[in-house]
> 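Sharing a structure here in structure tokens format.
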Amino acid sequence: MTHETWDQVREQLVPRLGRNNYTTWIEPLKLLSLSNGVAQFEVPTSFFGNWVSRNFADHILRELQQSGASVQRVEFSVSRETPAPKVEVKKTLARPLTRPTRPVDEELPGAPLDARFTFDTFVVGKPNELAHAAARRVADGGPVTFNPLFLYGGVGLGKTHLMHAIAHELTLRQPDMRVLYLSAEQFMYRFVQALRERQIMDFKEIFRSVDVLMVDDVQFIAGKDSTQEEFFHTFNALVDQNKQIVISADRAPGEIKDLEERIKSRLQCGLVVDLHPTDYELRLGILQTKAEHYRAQYHGLQIASGVLEFLAHRITTNVRVLEGALTRLFAFASLVGREITLELAQDCLADILRASDRKLTIEEIQRKVAEHYNIRLSDMIGPKRLRTIARPRQMAMYLAKQLTSRSLPEIGRRFGGRDHTTIMHGVKKIEELMTTDSQLSDDMQLLKRLLQA
Ligand code: ADP
Ligand code: MG
């Protein structure tokens, strides 16, 4: 067989493997020799060779045999002469083969981990107990039972904290483990950079050689087509190797707009858990834990009873805001040398308390719902009876009733002067549908979360 015939034979693999796999893995193969039933190929790196051997060797063999070549085996060897692509990459690649015991983190293109985000500092309550348990399971580093772990929830509810905690725990227990944590934005950035610098092969190699991949805020890549594509391939490659993947997003996979269907369904294949908005007990627990920490830091600064309860009651937005409030409170009290009283808290945190007090308006609800269903805001108040418009309108009515303190007649007025009985009917209808229509009930949950964020 000559190079030319191999070029023709390999073309047959395009429909079988897909254009993407073909250009990535098949085209770079150089046929060195074919003798004694062995086809010898040259590959750029040993990782590349392993990969092709594991995933495509059978296909190649079959294609060669069908072309009439007498061959029973394919082999891949690394080219000797070709210069190494780049120093950092070479180190990363060589390590698992030559120095398996060195910690690897610093050489992976990941984001730094926050040392404070550990399981020790994570307060568990009803709203996050499932997410916490799942994260713990992954952090045990045992056999992969669900892949990926998909954590979702609103801003500041502890997604990043849990992911960092997993990474800390895993590297503590198994220092050799290659754990790569980064945000979806960083993933895109690295990908674009690799494209620009023509190092896409290195990029692929690095991402496919980790033991655990964690991608934070994956909603970021929605609508970014080639990044999505690459993410999908990375994802599949790791799942095929039974490597753990942990993903976070601000909403459930099915609710991320402009995310390819195949990615959505892959993301749903593992364990999907959400972090619910905090409840009073969890907020109080978090405040107590942090206050204890601060008391030590500020040498026993006193905090009057009832202050933490007050804050847990009033600041319901998210944990980040809660933490910020406490940090400021301690700093201020220590500055003025006073005990932290309710009065001091109200003074010092006036702006935060006012912002948390913010009332949701009916107009905001209408806008969010209209946006979600891709209809015009004016249709919310208009007369159209089309189901695709009437249903979202009723959902907005329901949300207005649930999330604001407006009366039915008041709500009616804001829906183009409708009668209060129309509003009541709408609210009832949605209540009914929520028990039978799971899509609608999912949409409702999402909308509620978005409006209350
Ligand atoms: P997300 O990534 O979901 O937006 P983060 O993980 O960044 O949220 O959390 C925001 C802040 O709140 C962080 O400082 C984090 O430590 C803290 N936090 C969130 N949930 C908890 C919790 N259950 N216990 C302790 N701290 C928490
Ligand atoms: Mg985060």
Side-chain angles (χ1 to χ4, degrees), residues 110-139 148-169 180-189 213-222 245-253 255-256 267 272-297 308 311-312 315-331 349 352 355-356 445-446 449-450 452-453:
L113 298 175
D114 191 319
R116 294 165 306 172
F117 291 179
T118 61
F119 282 115
D120 285 345
T121 58
F122 191 81
V123 182
V124 184
K126 217 163 184 35
N128 61 22
E129 63 181 342
L130 230 60
H132 172 260
R136 274 279 190 196
R137 169 67 72 81
V138 170
L149 168 60
F150 189 100
L151 297 169
Y152 75 93
V155 194
L157 296 182
K159 301 182 295 291
T160 300
H161 190 137
L162 280 178
M163 290 177 100
H164 286 208
I166 295 172
H168 284 309
E169 189 79 12
L180 177 52
Y181 164 88
L182 81 177
S183 66
E185 187 175 1
Q186 286 161 330
F187 180 87
M188 183 189 82
Y189 175 76
L213 175 67
M214 309 209 223
V215 182
D216 207 348
D217 291 316
V218 80
Q219 75 276 357
F220 180 85
I221 62 163
I245 298 176
V246 184
I247 305 282
S248 87
D250 65 353
R251 58 196 75 182
E255 292 167 347
I256 305 177
L267 290 175
V272 178
V273 271
D274 59 340
L275 289 129
H276 295 275
T278 56
D279 58 15
Y280 174 79
E281 288 84 0
L282 178 59
R283 289 195 294 274
L284 188 59
I286 292 173
L287 285 169
Q288 282 166 343
T289 313
K290 308 246 173 207
E292 210 155 292
H293 171 80
Y294 278 130
R295 261 200 297 267
Q297 192 180 327
L308 296 183
L311 294 179
I315 304 176
T316 55
T317 35
N318 72 54
V319 183
R320 200 171 290 137
V321 177
L322 204 60
E323 273 184 348
L326 203 63
T327 308
R328 193 200 294 177
L329 200 54
F330 271 93
L349 303 176
I352 295 178
S356 305
Q445 268 194 16
L446 171 68
R449 210 167 49 238
L450 291 175
Q452 288 177 317

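Both ligands and their constituent atoms are indexed starting at 1 by order of listing.
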> So, does G153 sit close enough to ligand 1 that a heavy atom of it is under 4.0 Å from the ligand?
no
> Please identify which atoms of ligand 1 are closer than 4.0 Å to at least one heavy atom of V155.
4 (O)
> If you measure from each heavy atom of M163 to ligand 1, is any distance below 4.0 Å?
no
> Considering only non-hydrogen protein atoms, determine which one is nearest to atom 21 (C) of ligand 1 and report residue, atom name and distance to 0.1 Å.
F122 CE1, 3.8 Å
> Heavy-atom contacts with G158 under 4.0 Å: which atoms of ligand 1 show up? List them by number with element.
1 (P), 3 (O), 5 (P), 6 (O), 8 (O), 9 (O), 19 (C), 20 (N)
> Please check if the side chain of K159 supplies one atom and the backbone of I247 the other of a donor-acceptor pair under 3.5 Å.
no
> Starting from atom 4 (O) of ligand 1, which protein heavy atom do you reach first, and at what distance in Å?
G156 N, 2.7 Å
> Students should be able to answer this: which protein heavy-atom is nearest to atom 27 (C) of ligand 1, and at what distance?
V319 CG1, 3.6 Å
> Hey, does F117 come in under 3.5 Å of ligand 1, counting only N/O atoms on both sides?
no
> Considering non-hydrogen atoms of the protein only, which is the closest contact for atom 16 (O) of ligand 1, and what is the distance?
H161 ND1, 2.6 Å
> Going by the angle between their ring planes, with limits at 30° and 60°, are F150 and Y152 parallel, tilted or perpendicular?
tilted
> Between A131 and L151, which heavy-atom pair has the shortest distance, and what is it?
CB-CD2, 3.9 Å
> Run the numbers for me: atoms of ligand 1, each under 4.0 Å from some heavy atom of N128, listed by number.
23 (N)
> Which distance, rounded to the nearest 0.5 Å, do you find between the CG of L326 and the CD1 of I315?
9.0 Å
> Suppose we measure from atom 14 (O) of ligand 1 to each protein heavy atom; which comes out shortest, and what is that distance?
E323 OE1, 2.8 Å
> Below 30° counts as parallel, above 60° as perpendicular, anything between as tilted: where do the rings of H161 and F122 land?
perpendicular
> Measure R116 to ligand 1 on non-hydrogen atoms and call it side chain, backbone, both or neither using the 4.0 Å cut-off.
neither
> Kindly identify the option in L157, L151, D217, L275 whose heavy atom sits closest to atom 20 (N) of ligand 1.
L157
> Test your reading of the model: is there a side-chain donor-acceptor pair from H168 to the backbone of D114, 3.5 Å cut-off?
yes
> Shortest non-hydrogen contact from R283 to T316?
NH2-CG2, 3.4 Å
> Starting from atom 25 (C) of ligand 1, find the nearest protein heavy-atom neighbour and note its residue, name and distance.
T121 O, 3.2 Å
> To check your reading of the model: name the closest protein heavy atom to atom 24 (N) of ligand 1, its residue, and the distance in Å.
V123 N, 2.8 Å
> In terms of residue, atom name and distance, what is the protein heavy atom nearest to atom 2 (O) of ligand 1?
T160 OG1, 2.7 Å
> May I ask you to decide whether E323 forms a salt bridge with R320, counting only side-chain N to carboxylate O separations under 4.0 Å?
no
> Could you check whether T160 and D216, counting side-chain N and O atoms only, form a donor-acceptor pair closer than 3.5 Å?
yes
> Counting backbone and side-chain atoms alike, is an N, O or S atom of S248 positioned under 2.8 Å from the Mg ion (ligand 2)?
no
> Decide, yes or no, whether a salt bridge links E255 with R449 under the criterion of side-chain N to carboxylate O below 4.0 Å.
yes
> Can you see which heavy atom on P127 is nearest to which on P277, and at what distance?
CB-O, 3.5 Å
